[in-house]
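This report concerns only the one structure given below.
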Protein chains: 2
Amino acid sequence: MDKEKLEYIEEAGLAFELFGMTRMAGRIFGYLVVSDQEVVSFEQIRETLKASKGSISGTTKNLIHVGFIEPVSLPGDRKTYFRISRQKAGRILKERTALFLKFGSLLDRGRALKAEEDRVSDWLLEISSFYKWMVHEVDMVTDKWEMVKEGYMQKMKGEEDENSEKK
Amino acid sequence: MDKEKLEYIEEAGLAFELFGMTRMAGRIFGYLVVSDQEVVSFEQIRETLKASKGSISGTTKNLIHVGFIEPVSLPGDRKTYFRISRQKAGRILKERTALFLKFGSLLDRGRALKAEEDRVSDWLLEISSFYKWMVHEVDMVTDKWEMVKEGYMQKMKGEEDENSEKK
DNA sequence: CTTTTGGTTCAAAATGTTTTGAACTTATAA
DNA sequence: TTATAAGTTCAAAACATTTTGAACCAAAAG
């Protein structure tokens, strides 16, 4: 695997830490991104990332759980392969956003514990309402994506081509 | 401080860990939520949470940085007080969402490293487009909140009252 | 069966993060 | 000034997470 890709993989590791996941999770994800194969085997991951079987096993399980990658098994082959999950990106986002409901109720329960309604309660109500309302809005926007994505992706690709022409 | 509130504070600590922050950050936030004062002093936090000055100092700085709380200073008083940030909740969300752009470009850069465009590239383009598009949508929805919040908060409060009547 | 391959498990080691506590800084009060 | 109160800083300790590696299990091949 060439140097540029290996660097990319490490960068993905750091980025994933920023998103609150482990470095190894980012590396595995990054490897699946830049690999020129449709699917990558457990052993290939282990070898490319020079990590232990235990680490690969645990981290792939976790990445599958949060929906970033998915296992692929092939007939007549007992190895497990992996690829970037084909699950809609929106699905993952919706799940993450659902945490907002938890934050909203945390605030509501806190508000209920206060001696009396005051300026702080009003503000807490506003924040909690915002987050709870947001969950529904994000769901709707996510659904809207399916309608607009063709157009948007065309635009994105166009801009990329423009940039590479300028070089 | 009564037992119920202290329990709430610990719960807030655990919840914040779930959101990717530290337990102490959650405790401080939780304390500001349930305190019946407008503002709470550094020393009160230290005492209630039984933590060191160093820990309070570092964690409040961080909570201020990410916009969850804000410092308050009073004339003729050299203590620092804190309260839940009155910054619009949307501001914080917009900043968090901006990380999606980073994820989007991570995918784009990975795609550029691939030998040739394949099925995986197509899928990567779709995910990256989704996240980048989402950032703008979330911004718009967040702005919309200002228009609809009055109505929504009324509804929320109504439902709460209904629930407490039923008890 | 027995062997081999592919992966899982889990305790211990390595690494990272958070908290403490003591020394230090800064600003006000005396 | 000098003294004191309020925070900050930072190295070390406590604590948590991640990774390793060796032992283990299950399924397919021989």
Side-chain angles (χ1 to χ4, degrees), chain A residues 6 9-32 37 39-66 68-83, chain B residues 6 9-32 37 39-66 68-83:
Chain A
L6 290 174
I9 289 169
E10 290 307 314
E11 213 184 311
L14 294 174
F16 266 54
E17 282 190 326
L18 214 59
F19 310 147
M21 308 191 63
T22 69
R23 198 173 287 188
M24 188 59 78
R27 289 201 190 100
I28 293 177
F29 186 86
Y31 179 32
L32 297 193
Q37 299 164 213
V39 296
V40 172
S41 74
F42 187 102
E43 177 56 21
Q44 285 179 309
I45 295 174
R46 207 191 58 68
E47 179 152 311
T48 306
L49 305 187
K50 283 157 185 36
S52 69
K53 287 205 286 178
S55 178
I56 304 300
S57 172
T59 308
T60 50
K61 283 271 176 296
N62 180 245
L63 279 167
I64 290 166
H65 177 73
V66 300
F68 275 97
I69 70 172
E70 59 193 23
V72 177
S73 66
L74 302 175
D77 184 343
R78 51 174 144 154
K79 294 199 196 81
T80 305
Y81 297 86
F82 301 93
R83 67 177 174 208
Chain B
L6 289 173
I9 289 169
E10 289 308 314
E11 214 185 310
L14 294 173
F16 267 54
E17 281 189 327
L18 214 59
F19 309 148
M21 307 191 64
T22 68
R23 197 172 290 187
M24 188 59 77
R27 289 202 190 99
I28 293 178
F29 186 86
Y31 179 31
L32 297 193
Q37 300 164 213
V39 297
V40 171
S41 75
F42 187 101
E43 176 56 22
Q44 284 180 310
I45 295 174
R46 206 191 59 68
E47 179 154 309
T48 305
L49 306 187
K50 283 159 183 34
S52 70
K53 289 206 284 177
S55 178
I56 305 300
S57 173
T59 309
T60 51
K61 283 272 176 295
N62 181 244
L63 280 167
I64 290 166
H65 178 71
V66 300
F68 275 96
I69 70 173
E70 58 192 23
V72 177
S73 66
L74 301 175
D77 183 344
R78 52 177 142 154
K79 294 200 196 81
T80 306
Y81 297 86
F82 301 93
R83 67 177 175 209

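Lettering follows sequence order; numbering is per chain, from 1.
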Inset, instruction - Would you classify Lys53(A) as touching base, sugar-phosphate or nothing, given that sugar-phosphate means primed atoms plus P, OP1 and OP2, and contacts are heavy atoms under 4.0 Å? - result: base

Inset, instruction - For Thr22(A), report the nucleic acid contact type (base, sugar-phosphate, nothing); a contact means any heavy atom under 4.0 Å. - result: sugar-phosphate

Legend entry - Interatomic distance where NZ belongs to Lys50(B) and C1' belongs to dT20(C) [whole Å]: 16 Å

Inset, instruction - Please round to the nearest 0.5 Å and tell me the distance separating atom NZ of Lys53(B) and atom CZ of Phe42(B). - result: 6.5 Å

Legend entry - Nearest-0.5 Å distance, CZ of residue Phe82(A) to CG of residue Leu63(A): 9.5 Å

Legend entry - Nucleotide of dG21(D), dT19(C), dT8(D) approaching Ser52(A) most closely (side-chain heavy atoms): dG21(D)

Inset, instruction - Nearest-nucleotide wise, let me know which of Thr59(A) and Ser57(B) is further upstream toward the 5' end of DNA chain D. - result: Ser57(B)

Inset, instruction - Indicate the atoms forming the closest heavy-atom contact of Met24(B) with Leu49(B), along with that distance. - result: SD-CD1, 4.1 Å

Legend entry - Most 5' of Ile56(B) and Gly58(A) on DNA chain C, judged by nearest nucleotide: Gly58(A)

Inset, instruction - Figure out the CG/P separation between Leu74(B) and dA5(D), and round it to whole Å. - result: 19 Å

Legend entry - Value in whole Å for how far the P atom of dT26(C) lies from CZ of Arg78(B): 15 Å

Inset, instruction - Please report, rounded to the nearest Å, how far the P atom of dG16(C) is from the CE atom of Met21(A). - result: 18 Å

Legend entry - Lys79(B) NZ to dT4(D) P, straight-line distance once rounded to whole Å: 17 Å

Inset, instruction - State whether the side chain of Thr59(B) and the backbone N or O of Ile56(B) hold a donor-acceptor pair below 3.5 Å, judged by distance alone. - result: no

Legend entry - Length of the line joining Phe42(B):CZ and dT9(D):P, which is rounded to integer Å: 11 Å

Inset, instruction - Anything under 30° is parallel, anything over 60° is perpendicular, the rest tilted; go ahead and classify Phe29(B) against Phe68(B). - result: perpendicular

Legend entry - Closest-nucleotide 5' rank along DNA chain C - winner of Gly54(A) and Glu17(A): Gly54(A)

Legend entry - Value in whole Å for how far the C1' atom of dT20(D) lies from CD1 of Ile45(A): 17 Å

Inset, instruction - Specify the separation, in whole Å, of atom CZ of Phe16(B) and atom P of dA16(D). - result: 19 Å

Inset, instruction - Please figure out whether Ala51(A) or Gly76(A) has its closest DNA chain D nucleotide nearer the 5' end. - result: Ala51(A)

